[in-house]
Amino acid sequence: MEMKPLTRVILGLVCLLVAIWLVAPMLVVVPMSFNENKSLAFPPQGFSWQWYQNFFTNPDWMSSFLNSVKVASIVAALATVLGTLAAFGLDRMKARPANLLRMLMLTPMVVPGVVLAIGIYAVYLDAHLVGTLTGFVLAHTILALPFVLIAVSASLEVFDRRLETAAASLGAGALTAFRTVTLPLILPGILSGLLFAFATSFDEIVVSLFITNPYLKTLPVQIFSSITRDADPTVAAVGTILLLATTILIGGGMLLLGRERKGPQ
Amino acid sequence: MSALEPTTPSVPKRGWLSRPFALTLPALILLAAVIGYPLLTIVLRSLSEPQWGVQNYLWFFGAPVNLTVLQRTFVISAWVTIVCVVCAYPYAYLMTAVGPRARLVLVLCVLIPFWVSGVVRTLSWVILLQDSGVINSLLRAAGFDSIRLIRTQTGVVIGMAQVLLPFMILPLYSVMKGIDLRLMRAAQSLGARPSRAFFTVYLPLSLPGVYAGAIIVFILALGFYITPALLGGPRSTMLSTLVQTQVLSLLQWGRGGAMGVVLLVTTFVLLALAAPVMRSRYREAGRR
């Protein structure tokens with residue numbers, strides 16, 4: 001599109017502001033995490049590693065972190081298996097029932113968090129699942145399922161079913177054809193679903209706040225209660241660690257993907 | 001290849017792959033147990049506690065304070081959606097117009113906040129907006145009076161819009177990516193000024209993306225809980241917080257449930273209204 005130079009400059013400036021607005025606010029946790037005082041007031045005073053030390057040594061923080069890793073790992077595995085199976089089923093169904101079931105399976109994405117949270121809390125109170133690993137895993141799996149379904153369905157859509165036919169005509173059973181032909185081709189979709197499921201569970205906060213108890217907390221719950229309770233800069237240290245880990249994972253992943261795509265040419 | 005299609009034998013139907021419905025069953029059972037049953041419980045409780053009837057709904061729509069909160073929830077969500085559309089439109093357009101390297105940077109700026117935990121992002125806004133926060137410290141250092149940002153509606157809108165912006169940019173980008181820019185050149189070669197070409201050609205073609213993003217943002221904003229809880233105050237309470245108070249603090253499952261059902265029904269009505277509009281817009285965009 002031909003643009004006047006002035007329009008171009010204004011567009012660039014607006015986008016720069018939007019980009020800063022998107023990224024810069026998160027960076028504020030970095031200086032706060034090295035604060036010497038137990039305060040989140042700006043500007044931070046002095047320099048100290050004590051909040052990082054606190055994160056790694058304080059049992060409240062460490063156990064909630066390990067709980068989150070444990071729950072998210074189980075959820076990622078479970079949601080990926082269930083979501084992949086469902087995506088296959090929908091792919092091989094007639095269009096009308098498939099669309100209906102797909103919409104049903106995507107509802108966890110649009111149900112307001114608090115409504116779902118009080119519902120699950122009510123059921124868990126009766127079933128004695130509040131504050132249990134099973135309770136967290138079940139709730140997070142259902143929230144992660146839509147992401148797996150979307151990712152796997154997308155790669156099934158571009159998968160050429162005739163390849164399975166070819167494998168079958170060469171004498172492969174349905175399972176062998178699936179294992180040696182279909183699975184390797186849709187693996188990127190399954191893996192991105194796995195990653196989405198892990199991240200969904202690791203970040204989930206609203207339902208977790210309701211089904212948590214003092215014996216089982218996840219990291220977001222611990223962060224939330226720390227923010228509402230006092231101005232402990234340990235949250236800033238945790239935020240910095242999570243920010244760094246996310247940037248490395250996403251940035252590295254995108255660079256790798258970009259290089260791979262360029263590679264063969 | 002396609003000429004061969006009619007003669008290729010179909011996959012022999014055997015084993016678990018031949019029963020597609022069975023494959024979806026585990027997911028459906030979990031869905032029924034962890035979404036269906038809990039939502040049903042809430043609907044039943046809203047109608048049965050303390051006794052059977054619609055008294056909880058009468059209470060909700062009869063108390064002015066509830067209606068104020070309901071109205072505020074809509075107003076805040078509308079503001080968040082407007083801010084998101086205004087900020088996302090030029091950004092998504094630039095993503096389609098720049099070279100691959102600059103695009104990577106722009107995409108990363110959207111994806112990194114998208115993947116960073118929402119609680120951490122809200123924490124950042126607490127640090128920025130609080131009375132002893134970054135913005136007020138800078139204002140004071142520059143000799144201005146400090147302003148109240150945290151526990152205000154403005155603060156809630158700023159924080160929510162930043163958290164939800166990626167949900168607006170990504171669908172908008174995917175639609176804009178598909179727009180043929182030669183149409184703009186054609187319009188200009190026929191004598192349209194750039195602004196006229198934009199408003200008569202580009203803008204209508206990009207509207208499906210705007211609708212899709214706006215609906216997602218508005219619906220997510222309606223149910224937002226964490227950001228208003230941490231950035232808001234009594235004068236910016238949204239419906240979700242009210243639901244939580246009724247259930248956890250007052251143990252009023254009936255009243256909390258009724259509010260939850262109102263929120264749920266509103267969400268689904270909006271989705272149902274938006275779905276046909278979006279679908280027909282997509283079809284129109286495809287036909288042109």
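Remember, it's a predicted structure, so these values are computed and weren't measured experimentally. Lettering follows sequence order; numbering is per chain, from 1.
Proximity to chain A (any heavy atom under 4.5 Å) is shown, for B:Leu222, by neither the backbone nor the side chain. For A:Leu104, the parts sitting under 4.5 Å from any heavy atom of chain B are the backbone and the side chain alike. For chain B, the nearby part of A:Phe210 is the side chain; its heavy atoms alone come within less than 4.5 Å. Heavy atoms closer than 4.5 Å to chain B are found in the side chain of A:Thr107, but not in its backbone. Residue contact with chain A, scored on non-hydrogen atoms closer than 4.5 Å, involves the side chain of B:Phe268 exclusively. Contacts between B:Leu220 and chain A at a heavy-atom distance below 4.5 Å involve the side chain alone, from C-beta outward. The contact between B:Leu248 and chain A is made entirely by side chain atoms (from C-beta outward), counting heavy-atom distances below 4.5 Å. Residue B:Ala33: no heavy atom, backbone or side chain, is found under 4.5 Å from chain A. A:Ile118 touches chain B through backbone and side chain together, each having a heavy atom under 4.5 Å away. Looking at A:Met26, both its backbone and its side chain come within 4.5 Å of chain B, counting heavy atoms on both sides. Using a 4.5 Å cut-off between heavy atoms, B:Thr267 touches chain A through its side chain atoms alone. Interface remark: A:Leu195 contributes backbone and side-chain atoms alike to the contact with chain B (heavy atom separation under 4.5 Å). A:Leu145 touches chain B through its side chain: at least one heavy atom from C-beta onward sits under 4.5 Å away, while N, CA, C and O do not. Only the side chain of B:Leu271 comes within less than 4.5 Å of a heavy atom in chain A; its backbone stays farther off. With a 4.5 Å cut-off on non-hydrogen atoms, A:Val14 touches chain B through its side chain but not through its backbone. Contact of B:Gln130 with chain A is made through the side chain alone, with heavy-atom distances under 4.5 Å. Contact of A:Ile120 with chain B is made through backbone and side chain together, with heavy-atom distances under 4.5 Å. B:Arg182 does not touch chain A: none of its heavy atoms, backbone or side chain, sits under 4.5 Å away.
Heavy-atom pairs under 4.5 Å with chain A peak, among B:Ser117, B:Gly256, B:Gly223, at B:Ser117. When B:Ile112, B:Val134, B:Val120, B:Leu94 are compared by the number of non-hydrogen pairs under 4.5 Å with chain A, B:Val134 comes out ahead. Chain A forms more heavy-atom pairs under 4.5 Å with one residue of B:Val107, B:Leu30, B:Thr41, B:Val243 than with any other, namely B:Leu30. Contact count versus chain B (heavy atoms, under 4.5 Å) is highest, among A:Gly119, A:Pro108, A:Pro97, for A:Gly119. For the set B:Cys87, B:Ser195, B:Gly257, B:Pro26, the count of heavy-atom pairs under 4.5 angstrom toward chain A peaks at B:Cys87. If you tally non-hydrogen atom pairs under 4.5 Å between each of B:Val261, B:Leu40, B:Val116 and chain A, the highest count goes to B:Val116.
Distance alone, capped at 3.5 Å, places no donor-acceptor pair between the A:Asn37 side chain and the A:Ser39 backbone. B:Ser206 places a side-chain N or O within donor-acceptor distance of the main-chain N or O of B:Leu203, the cut-off being under 3.5 Å. A donor-acceptor contact shorter than 3.5 Å links the side chain of A:Asn35 to the backbone of A:Gln45.
Looking at every heavy atom in both residues, A:Val181 comes nearest to A:Leu163 through CG1-CB, 3.9 Å. Here the closest non-hydrogen pair linking B:Ala221 and B:Met238 is O-CE, 3.4 Å. Nearest approach of A:Leu85 to B:Leu23, heavy atoms of both residues: O-CB, 3.4 Å. Considering all non-hydrogen atoms of both residues, A:Thr218 and A:Ser68 come closest at CB-OG, 3.3 Å.
Residues B:Leu165 and B:Phe114 are not in side-chain contact: their nearest non-hydrogen atoms beyond the backbone lie 4.5 Å or more apart. Side-chain contact between A:Leu175 and A:Arg179 is absent, with no heavy-atom pair separated by less than 4.5 Å.
Relative ring orientation between B:Phe198 and B:Tyr202 is described as parallel, the plane-to-plane angle staying below 30° on a 0-90° scale split at 30° and 60°.
Taking the six-membered ring for Trp and the full ring otherwise, B:Trp253 and A:Tyr121 have centroids separated by under 6.0 Å. Taking the centre of each ring, B:Trp115 and A:Phe196 come in below the 6.0 Å mark.
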